[in-house]
A.B. asks: 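Take a look at this one; I'll ask things after.
Quick caveat, the model's predicted, so the values are computed rather than measured.
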Amino acid sequence: MAAWMDGQSYLRLAAQDPHATLIPVAPAYHDLPLNTRGSRAGHLVNVIIHKDNKIYISCGYRAILEYFTNLRGYKWAYDREESFTGHFYTLHKLRQMGENANFFSNIASSGSQRGSIQMVRDKIADAAAVDAACLNYYLEKEPDSARGELHILETWGPFSPYPLVANSRLPENVRNKIAETLLELHTSAEGRQLLSKFGIKRFLPISPSDFSEEKSIVDPVKDLKFKAVYY
């Protein structure tokens with residue numbers, strides 16, 4: 001009767017289903033800076049490349065690949081077309097630069113955040129934008145070689161938090177108890193230990209207005225798409 005989802009899934013569901021109700025709490029990850037709403041609830045996005053691409057040849061001399069704007073002509077991976085992280089915000093970023101998807105030499109859909117990370121590791125793609133928490137979790141679970149292979153080129157955000165969405169038919173007292181339990185989880189040693197496994201510091205209160213910025217980013221580019229090869 002309740003599930004975590006990404007912001008885009010929540011916004012689509014809320015627009016289509018009157019029973020979709022936000023449980024107003026979200027995780028605050030360690031070291032997340034204050035967002036434009038003065039909250040630390042939300043997520044960051046890392047643009048990653050393989051470390052073999054960190055040094056590249058430009059105009060006949062060796063240069064350091066430092067910024068997203070240096071990725072012209074490189075191969076890009078993203079998770080799926082509904083994704084804010086890999087798809088919509090990348091299109092927004094290109095639009096800000098006066099570019100479009102032709103900025104990249106090739107674009108491939110990996111099907112998941114983990115898939116995008118793996119495509120960069122395997123050098124099928126040169127770069128990808130992935131959720132920072134997902135990347136940290138991946139690096140903790142993979143051999144040390146993974147950390148040695150990947151380089152964070154840029155960090156974007158913070159963006160809207162990941163919402164916990166319930167069916168409004170779930171009794172209100174149950175929804176309130178879920179929110180209360182999550183908000184207090186960090187107050188016990190056992191709770192802090194559980195949260196730390198996922199890089200979460202604590203849960204914080206949120207509201208539907210926390211997703212207005214994401215909507216304002218997506219709306220101008222929602223009809224744009226990558227022409228992708230699927231893996």
A.B. asks: Can any side-chain N or O of Asn70 pair as donor or acceptor with the backbone N or O of Tyr67 at less than 3.5 Å?
C.D. replies: yes
A.B. asks: Between Arg121 and Glu149, is there a salt bridge with N-O shorter than 4.0 Å?
C.D. replies: yes
A.B. asks: Does any N or O in the side chain of Arg175 come within less than 3.5 Å of the main-chain N or O of Leu170, such that one atom is a donor and the other an acceptor?
C.D. replies: yes
A.B. asks: What do the steps show when you test Ile206 against Leu22 for side-chain contact (heavy atoms from CB on, under 4.5 Å), and what is the final call?
C.D. replies: CA-CA 9 Å; Ile206 63 167; Leu22 181 70; 4.2 Å; yes
A.B. asks: Hydrophobic clustering (ILVMFWY, side-chain heavy atoms < 4.5 Å, transitive) - are Met119 and Leu139 grouped together?
C.D. replies: no
A.B. asks: Let me see the working for Lys51 and Leu150 under side-chain contact (heavy atoms from CB on, under 4.5 Å), right down to the final yes or no.
C.D. replies: CA-CA 5 Å; Lys51 283 192 175 178; Leu150 297 173; 5.8 Å; no
A.B. asks: Measure the spacing between OG1 of Thr21 and CZ of Arg169 and express it to the nearest 0.5 Å.
C.D. replies: 10.0 Å
A.B. asks: Using the six-membered ring wherever Trp is involved, compare the ring planes of Phe159 and Phe84 and label them parallel, tilted or perpendicular (cut-offs 30° and 60°).
C.D. replies: perpendicular
A.B. asks: Scan Glu214, Glu82, Lys222 and name whichever one has a side chain to side chain donor-acceptor pair (under 3.5 Å) with Gln8.
C.D. replies: Glu214
A.B. asks: Which pair of non-hydrogen atoms, one from Asp17 and one from His19, has the smallest distance, and what is that distance?
C.D. replies: OD1-N, 2.9 Å
A.B. asks: Anything under 3.5 Å between a donor and an acceptor, one on a side chain of residues 111-118, the other on a protein residue two or more places apart or in another chain? List them.
C.D. replies:
unit_1	atom_1	unit_2	atom_2	d
Ser112	OG	Gly115	N	2.8
Gln113	OE1	Asp131	N	2.6
Gln113	NE2	Asp79	OD2	2.9
Arg114	NH2	Glu142	OE2	2.9
Ser116	OG	Ser110	OG	2.7
Ser116	OG	Ser112	O	3.4
Gln118	OE1	Tyr138	OH	2.6
Gln118	NE2	Asp122	OD1	3.2

A.B. asks: Would Arg80 and His87 count as having a side-chain donor-acceptor pair, cut-off 3.5 Å?
C.D. replies: no
A.B. asks: Less than 4.5 Å apart, any side-chain heavy atom of Pro208 and any of Tyr10?
C.D. replies: yes
A.B. asks: Does Tyr29 share a hydrophobic cluster with Ile152, counting links as ILVMFWY side-chain heavy atoms below 4.5 Å and allowing steps through other members?
C.D. replies: no
A.B. asks: List the atom of Leu94, the atom of Asn100, and the distance in Å for their closest heavy-atom pair.
C.D. replies: CD1-O, 3.6 Å
A.B. asks: Say whether Val174 and Leu185 are linked into one hydrophobic cluster, either directly or through other cluster members, by side-chain heavy-atom distances under 4.5 angstrom.
C.D. replies: yes
A.B. asks: If hydrophobic clusters are built by linking Ile, Leu, Val, Met, Phe, Trp and Tyr wherever their side-chain heavy atoms come under 4.5 Å apart, do Ile217 and Val45 end up in the same one?
C.D. replies: yes
A.B. asks: Can you check side-chain contact (heavy atoms from CB on, under 4.5 Å) on Leu195 and His186, steps first, answer last?
C.D. replies: CA-CA 7 Å; Leu195 292 171; His186 69 286; 3.9 Å; yes
A.B. asks: Using atom types as modelled and distance alone, determine if a side-chain donor or acceptor of Ser9 lies under 3.5 Å from a backbone N or O of Met5.
C.D. replies: no
A.B. asks: What is the distance from atom CZ of Phe203 to atom CD1 of Ile200, rounded to the nearest 0.5 Å?
C.D. replies: 4.5 Å
A.B. asks: Are Val25 and Pro205 side-chain neighbours, meaning at least one heavy-atom pair lies under 4.5 Å?
C.D. replies: no
A.B. asks: I want to check something: taking the side chain as every heavy atom from C-beta on, are Glu81 and Ser109 in contact at a cut-off of under 4.5 Å?
C.D. replies: no
A.B. asks: In terms of the angle between their ring planes, are Phe104 and Trp76 parallel, tilted or perpendicular, with boundaries placed at 30° and 60°?
C.D. replies: parallel
A.B. asks: Between Leu71 and Val130, is there shared hydrophobic-cluster membership here, with clusters defined by ILVMFWY side-chain heavy atoms closer than 4.5 Å?
C.D. replies: no
A.B. asks: Kindly compute the distance separating CD (Glu140) from CG (Leu135), expressed to the nearest 0.5 Å.
C.D. replies: 10.0 Å
A.B. asks: Show me the side-chain donor-acceptor pairs of residues 176-183 shorter than 3.5 Å, one per line, residues at least two apart or across chains.
C.D. replies:
unit_1	atom_1	unit_2	atom_2	d
Asn176	ND2	Glu172	O	3.4
Thr181	OG1	Lys177	O	2.8

A.B. asks: Side-chain contact test, heavy atoms from C-beta onward, threshold under 4.5 Å: evaluate it for Pro163 versus Phe211 and give yes or no.
C.D. replies: yes
A.B. asks: Search all heavy atoms of Leu44 against all heavy atoms of Gly157 and return the closest pair with its distance.
C.D. replies: CD2-C, 3.8 Å
A.B. asks: Which atom pair, heavy atoms only, marks the closest approach of Ala20 to Val165?
C.D. replies: CB-CG1, 4.2 Å
A.B. asks: Let me see the working for Leu153 and Ile48 under side-chain contact (heavy atoms from CB on, under 4.5 Å), right down to the final yes or no.
C.D. replies: CA-CA 6 Å; Leu153 190 65; Ile48 59 170; over 6 Å; no
A.B. asks: If you look at every heavy atom in Pro18 and Ser168, which pair is closest and at what distance?
C.D. replies: O-OG, 4.5 Å
A.B. asks: Is a donor from one side chain sitting under 3.5 angstrom from an acceptor on the other, for Ser207 and Ser209?
C.D. replies: yes
A.B. asks: Can you establish whether the number of heavy atoms outside Arg12 located under 6.0 Å from its atom CZ is more than 12?
C.D. replies: yes
A.B. asks: Just to verify, which of Tyr74, Tyr89, Trp156 counts as forming a ring-ring contact (aromatic ring centres under 6.0 Å, His included) with Phe68?
C.D. replies: Trp156
A.B. asks: Apply salt bridge (charged side-chain N to carboxylate O under 4.0 Å, His left out) to Glu99 and Arg72, showing your working.
C.D. replies: CA-CA 10 Å; Glu99 302 283 354; Arg72 180 184 297 278; 2.3 Å; yes
A.B. asks: Shortest non-hydrogen contact from Ala127 to Ile49?
C.D. replies: CB-CG2, 3.7 Å
